[in-house]
Engineer: 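For reference, the structure I am asking about is given below.
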Amino acid sequence: MLTECAKILISENELKEKIKEVGAKISADYKGEEVLFVGILKGCIHFYSDLTREITIPMTMDFMAISSYGAGTTSSGEVKMLKDLDKSICGKNVIIVEDIIDSGNTLSYLKRLLSSRQPKSIKICTLLDKPSRRKVDLQPDYCCFQIPDEFVFGYGLDVDQQYRNKKDIYILDPKDYPKE
Ligand code: IMP
Ligand code: MG
């Protein structure tokens with residue numbers, strides 16, 4: 001079990017508090033408006049669920065599934081769409097909800113794709129951001145935590161599809177990295 005000796009980077013309580021704050025900020029920023037929250041599966045699941053329960057304005061939900069990683073811990077740079085949105089986003093306020101921004105490749109692809117569908121507005125809300133790893137020019141509009149250049153897991157984030165169910169966010173020891 002990786003979690004037995006892995007170091008906790010962000011605890012369950014810290015996550016809860018910060019997400020509450022960001023949820024309140026989004027609700028205030030969009031007062032009088034309705035927002036469609038687009039979750040990017042699968043990493044967003046717990047963040048999406050906790051964030052949307054802090055939203056006090058009218059809102060709807062939709063999801064996309066994207067794959068940009070194999071079993072390794074570095075981005076392949078290739079983005080593959082596994083599931084598209086169910087409905088049109090034309091004329092809607094869209095907030096993309098993502099687990100983490102690393103190189104920025106995934107979100108820059110997604111933002112371009114969704115912007116071409118004529119939404120009223122489009123913003124990015126990420127749980128984690130690793131700004132030092134950025135390869136493209138992309139800034140989140142809402143970010144809960146900026147983190148150092150470490151591979152992290154738990155609270156939706158996986159190591160080779162495992163550990164998404166952990167309540168805290170952990171740092172993966174490089175000796176435990178899965179093979180590329
Ligand atoms: P990007 O396209 O390089 O920005 O990568 C974004 C995607 O890579 C995220 O949505 C995650 O699924 C995955 N990813 C990046 N860094 C990590 C990490 O530290 N742990 C787990 N997944 C990660
Ligand atoms: Mg992801």
Side-chain angles (χ1 to χ4, degrees), residues 9-68 75 79 81-147 152 154-158 164-165 167-169:
L9 179 69
I10 308 168
S11 71
E12 186 184 0
N13 275 345
E14 289 173 298
L15 286 165
K16 216 169 259 170
E17 265 177 41
K18 189 68 194 182
I19 291 168
K20 206 170 183 176
E21 221 177 85
V22 171
K25 169 119 181 58
I26 292 173
S27 302
D29 289 354
Y30 286 86
K31 196 164 180 242
E33 298 274 328
E34 181 172 321
V35 174
L36 169 68
F37 286 82
V38 171
I40 310 304
L41 297 170
K42 310 183 201 64
C44 78
I45 48 164
H46 302 302
F47 176 45
Y48 187 97
S49 168
D50 287 342
L51 177 73
T52 53
R53 281 179 292 172
E54 299 297 340
I55 298 299
T56 54
I57 51 168
M59 61 89 57
T60 53
M61 299 184 173
D62 208 344
F63 297 91
M64 286 177 109
I66 293 292
S67 160
S68 64
S75 174
V79 179
M81 165 137 40
L82 305 173
K83 183 212 168 293
D84 202 345
L85 295 173
D86 290 343
K87 289 207 173 144
S88 164
I89 58 167
C90 184
K92 295 187 175 167
N93 293 307
V94 173
I95 297 184
I96 303 175
V97 180
E98 174 67 304
D99 53 358
I100 185 165
I101 310 178
D102 187 42
S103 68
N105 284 328
T106 308
L107 275 181
S108 114
Y109 163 82
L110 275 178
K111 200 174 177 189
R112 228 177 310 124
L113 177 74
L114 296 187
S115 298
S116 73
R117 298 179 183 179
Q118 277 102 45
K120 181 175 176 187
S121 67
I122 185 158
K123 282 192 181 176
I124 292 171
C125 177
T126 188
L127 174 65
L128 307 175
D129 186 11
K130 287 187 209 170
S132 64
R133 300 256 309 167
R134 201 73 92 250
K135 292 208 180 88
V136 294
D137 181 23
L138 183 108
Q139 300 303 327
D141 301 282
Y142 303 97
C143 168
C144 295
F145 301 93
Q146 285 202 345
I147 63 166
V152 293
Y155 194 68
L157 293 126
D158 70 307
R164 293 193 196 272
N165 59 324
K167 293 181 179 174
D168 309 286
I169 294 181

Engineer: Using side-chain heavy atoms (C-beta onward) and a distance below 4.5 Å, is V136 in contact with N105?
Structural biologist: yes

Engineer: Under the 3.5 angstrom rule, does the side chain of D168 hit a backbone N or O of E12 as a donor-acceptor pair?
Structural biologist: yes

Engineer: Which pair of non-hydrogen atoms, one from I45 and one from G156, has the smallest distance, and what is that distance?
Structural biologist: CG1-CA, 4.4 Å

Engineer: When rounded to the nearest 0.5 angstrom, what distance separates CD1 in I124 from CD in E98?
Structural biologist: 9.0 Å

Engineer: The criterion is side chain to side chain donor-acceptor pair (under 3.5 Å); which residues satisfy it with S108, sequence neighbours excluded?
Structural biologist: R112

Engineer: Can you sort out the partners of K167 under salt bridge (charged side-chain N to carboxylate O under 4.0 Å, His left out), two or more places apart, ordered by chain and number?
Structural biologist: none

Engineer: For D84, what residues pass the side-chain contact (heavy atoms from CB on, under 4.5 Å) criterion, not counting sequence neighbours?
Structural biologist: M64, M81, R117

Engineer: Evaluate the side-chain proximity of D99 to T126: yes if any heavy-atom separation is below 4.5 Å, no if none is.
Structural biologist: no

Engineer: For L85 and V38, run side-chain contact (heavy atoms from CB on, under 4.5 Å): C-alpha distance rounded to whole Å, both residues' side-chain angles, the deciding distance at 0.1 Å, then the answer.
Structural biologist: CA-CA 8 Å; L85 295 173; V38 171; 3.7 Å; yes

Engineer: Answer yes when K123 and D29 have at least one side-chain N-carboxylate O distance shorter than 4.0 Å, and no when they do not.
Structural biologist: no

Engineer: Go through the steps for R134 and D129 under the test salt bridge (charged side-chain N to carboxylate O under 4.0 Å, His left out), then give the verdict.
Structural biologist: CA-CA 9 Å; R134 201 73 92 250; D129 186 11; 2.9 Å; yes

Engineer: Not counting sequence neighbours, which residues clear side-chain contact (heavy atoms from CB on, under 4.5 Å) with P119? List them please.
Structural biologist: I89, V94, I122

Engineer: Check whether any side-chain heavy atom of I66 lies under 4.5 Å from a side-chain heavy atom of L110, and answer yes or no.
Structural biologist: yes

Engineer: Between the side chains of S11 and N13, is a donor N or O closer than 3.5 angstrom to an acceptor N or O?
Structural biologist: no

Engineer: Nearest 0.5 Å please: distance from the CE atom of M61 over to the CZ atom of F37.
Structural biologist: 8.5 Å

Engineer: E21: which residues meet the salt bridge (charged side-chain N to carboxylate O under 4.0 Å, His left out) condition with it, sequence neighbours left out?
Structural biologist: K18

Engineer: Residues in side-chain contact (heavy atoms from CB on, under 4.5 Å) with Q139, at least two apart?
Structural biologist: D137

Engineer: Between the main-chain N or O of T56 and the side-chain N or O of S27, is there a donor-acceptor pair closer than 3.5 Å?
Structural biologist: yes

Engineer: Checking the side chain of H46 only, and the main-chain atoms of L157 only, is there a donor and an acceptor separated by less than 3.5 Å?
Structural biologist: no

Engineer: Using the test salt bridge (charged side-chain N to carboxylate O under 4.0 Å, His left out), find all partners of D141 that sit at least two apart in sequence or belong to another chain.
Structural biologist: none

Engineer: Could I get the full list of side-chain contact (heavy atoms from CB on, under 4.5 Å) partners for I10, not counting sequence neighbours?
Structural biologist: E14, L15, L128, F145, I147, I169

Engineer: Apply side-chain contact (heavy atoms from CB on, under 4.5 Å) to L36 and D62, showing your working.
Structural biologist: CA-CA 7 Å; L36 169 68; D62 208 344; 4.0 Å; yes

Engineer: List in chain and number order the residues that pass ring-ring contact (aromatic ring centres under 6.0 Å, His included) with F63, two or more places apart in sequence or in another chain; answer none if no residue qualifies.
Structural biologist: Y48

Engineer: What I'd like to find out is whether the side chain of I55 reaches to under 4.5 Å of the side chain of V35, using heavy atoms alone.
Structural biologist: no

Engineer: side-chain contact (heavy atoms from CB on, under 4.5 Å), that's the test. Do R133 and S103 meet it? Break it down for me.
Structural biologist: CA-CA 5 Å; R133 300 256 309 167; S103 68; 5.9 Å; no

Engineer: I want to check something: taking the side chain as every heavy atom from C-beta on, are K130 and I101 in contact at a cut-off of under 4.5 Å?
Structural biologist: no

Engineer: With sequence neighbours left out, which residue pairs that include part of residues 87-97 fulfil the side-chain hydrogen bond (donor to acceptor under 3.5 Å, both in side chains) condition?
Structural biologist: E33-N93, N93-S121

Engineer: List for me each residue that meets salt bridge (charged side-chain N to carboxylate O under 4.0 Å, His left out) alongside D86, sequence neighbours excluded, and say none if there are none.
Structural biologist: K83

Engineer: Supply the atom-to-atom distance I19 CD1 to C144 SG, rounded to the nearest 0.5 angstrom.
Structural biologist: 5.0 Å

Engineer: Quick one: are I57 and E34 in side-chain contact, heavy atoms under 4.5 Å?
Structural biologist: no

Engineer: Mind running side-chain contact (heavy atoms from CB on, under 4.5 Å) on F47 and V22 for me, showing each step along the way?
Structural biologist: CA-CA 11 Å; F47 176 45; V22 171; 5.6 Å; no

Engineer: Using a 4.5 Å cut-off on heavy atoms from C-beta on, say whether the side chain of N165 contacts that of Y155.
Structural biologist: no

Engineer: Run the side chain to side chain donor-acceptor pair (under 3.5 Å) test against T60 and tell me which residues pass, sequence neighbours left out.
Structural biologist: none

Engineer: What's the spacing between I26 CD1 and Y142 OH if we round to 0.5 Å?
Structural biologist: 5.5 Å

